[in-house]
Amino acid sequence: MHTHASLPDTLYLRIADAMARQIRTGTLSRGERIPSVRNLAHQHGVSQSTVVQAYRTLEDARLIEARPRSGYFVAARPPQLPEPDTSRPPKRSVSVGISAMASKMMSVAHHPDYVSFGAACPDAALFAQDRVRRAVSRATQRHRATLCQYPFGPGDESLRKAIARHALRMGCHVNADDVIVTSSCLESITLCLRSVTKPGDVVALESPTYYGFLEILESLGLRALEIPTHPRTGLSLDALQLALDTQPVKAILAVPTLSNPLGCSMPLAERKRLAQMVARHQVPLIEDVLYNDLCEDDDRRRAVQSFDTGGQVMLCGSFSKTIAPGLRLGWIAAPGRTERLQRMKSATSGSETVMLQRALADLLTQPGIEAGYRQLRGVVAARMDEARALISRHFPKGTRMTSPSGGFILWLELPGEVDTVELFHTCLEEHICIAPGSLFSTNDRFKRCMRLGLGGKWGEAERRALARVGKLAAELMATSP
Ligand SMILES: Cc1ncc(COP(=O)(O)O)c(C=O)c1O
């Protein structure tokens, strides 16, 4: 557990985080000299060793560099490729039929014999594993009696309170009574969709979108209406407005922060506008906030639900990407809708294991939780910079690539008429896994695209494999018509 004795850890991370943000937003220019250790220590009223630790963190993240006898400077910007254009999906909704490709890709993505860029999850080594283990063993000792009792109701109260506090960090004022504990974010989304739709209804969502969403729509017999999405700023609200005006949209499913696979995050003003739009049209919005804590930008961590005035926004989340995917716990916060959702949840899968809920509540209320998110963001950001530089160097000329403000997913668009399903199979022969673009849509508009998940293992083998994917892509292009 993080004790108060370790609080200085938080301090150096806080200083590093503030400076990282200044660099990424351009407030501090690339190549610019940053304050000396002594000056910054004086400025913040902290010890010089705290600043040294902060600067080491920034050096590890390749955001700053020390020049002998000259001091510290903001590092040169990694090479940038242009980003893909806003997507242009068809204007009609379609019934969803997903191929078996996603499950094949996922089975390989988690196979230890493959270098994997297939999964969208941090490697176990990036989580605070000891902390998670200690919380689980504490809960096992204290609450073992609960294992032989049926869990009942919307979830453990201590966890629901912790989740309500977690939602407050996204600007949302919800009570523990508004929260339902589920088995995962995907279960949360499924329940929310079931609560507001019936088979044949139309659901609007980002384009490209997470294939897990398409699988849910297919299983519920819902039609997908893909909405044009900008690779940096997310859902086009003008296009969504048109869809709401002209089509029988029964629900909107969106990931406003670090959407999967584009990594786009909606600006604050757009979040507000989206909340107003769903209130005006009385259309429920299912907001997936799974990635919010991985976003570097405070404004973009704020949930659309924080602007909701009409009770239309249902928040869905879990801690699979930030604390521990193996706990298998998710949540819904939907004021005014909990009774119906709770009835559906108990008819589907009952309640979750109390012991694990207590362990998660314990983890969420520890003082180091915020520092943990910050540390994860820092490590992942450094890796993304490195991966982007490798891609710029090794992928075919004309490749486009996203530049998300956090997270570990990159979306690439190859130039020319290539099919990344073919690239996927070629890569598999070399024991490398990528996620082909076609998985992320109801049609094959994204067949020249691919998603690369860079949260997994990261070392020489992965760097070589990434360069190799670029080479294989170039070879495929050379043989394509
Ligand atoms: C946008 C999004 N939502 C939900 C999930 C699944 O979350 P969970 O593990 O809690 O079911 C994922 C997993 O990649 C995702 O990308």
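Both counts, for ligands and for their atoms, begin at 1 and track the order of listing.
Among all non-hydrogen protein atoms, the one lying nearest atom 14 (O) of ligand 1 is Lys321 NZ, 2.8 Å. Closest to atom 10 (O) of ligand 1 among all protein heavy atoms lies Ser318 OG, 2.7 Å. For atom 15 (C) of ligand 1, the nearest non-hydrogen atom of the protein is Leu290 CD2, 3.4 Å. Counting only heavy atoms of the protein, atom 3 (N) of ligand 1 lies nearest to Asp288 OD2, 2.6 Å.
When the heavy atoms of Cys121, Ser183, Ser184 are ranked by distance to atom 11 (O) of ligand 1, first place goes to Ser184. For the residues Ser320, Gly330, Gly326, the heavy atom positioned nearest atom 9 (O) of ligand 1 is part of Ser320.
Every atom of ligand 1 with a heavy atom of Leu186 under 4.0 Å away is listed here by number and element: 4 (C), 6 (C), 11 (O). Per-residue contacts place Tyr291 under 4.0 angstrom from the following atoms of ligand 1 (heavy atoms of the residue considered): 1 (C), 14 (O), 15 (C), 16 (O).
Within the 3.5 Å criterion, the main-chain N or O of Ala224 finds no donor-acceptor partner in the side chain of Ser93. Within the 3.5 Å criterion, the main-chain N or O of Leu205 finds no donor-acceptor partner in the side chain of Glu226. In terms of modelled atom types and a separation under 3.5 Å, the side chain of Gln357 and the main chain of Asp156 share a donor-acceptor contact.
Closest of all the heavy-atom pairs between Pro228 and Ser87 is CB-O, 3.2 Å.
A centroid separation of less than 6.0 Å is found between the aromatic rings of Tyr211 and Phe440.
Atom CG of Leu220 sits about 12.0 Å away from atom CD of Glu215, to the nearest 0.5 Å.
Heavy-atom neighbours of Glu370 CD from other residues, nucleotides or ligands within 6.0 Å: above the threshold of 12.
At least one N/O-N/O distance between Cys185 and ligand 1 falls below 3.5 Å.
A salt bridge does not link Glu462 with Arg383: every distance from a Lys NZ or Arg NE/NH1/NH2 to an Asp or Glu carboxylate oxygen is 4.0 Å or more.
Put simply, no part of Phe319 is less than 4.0 Å from ligand 1, judged by heavy atoms. Contact annotation: Glu187 has no heavy atom less than 4.0 Å from any atom of ligand 1.
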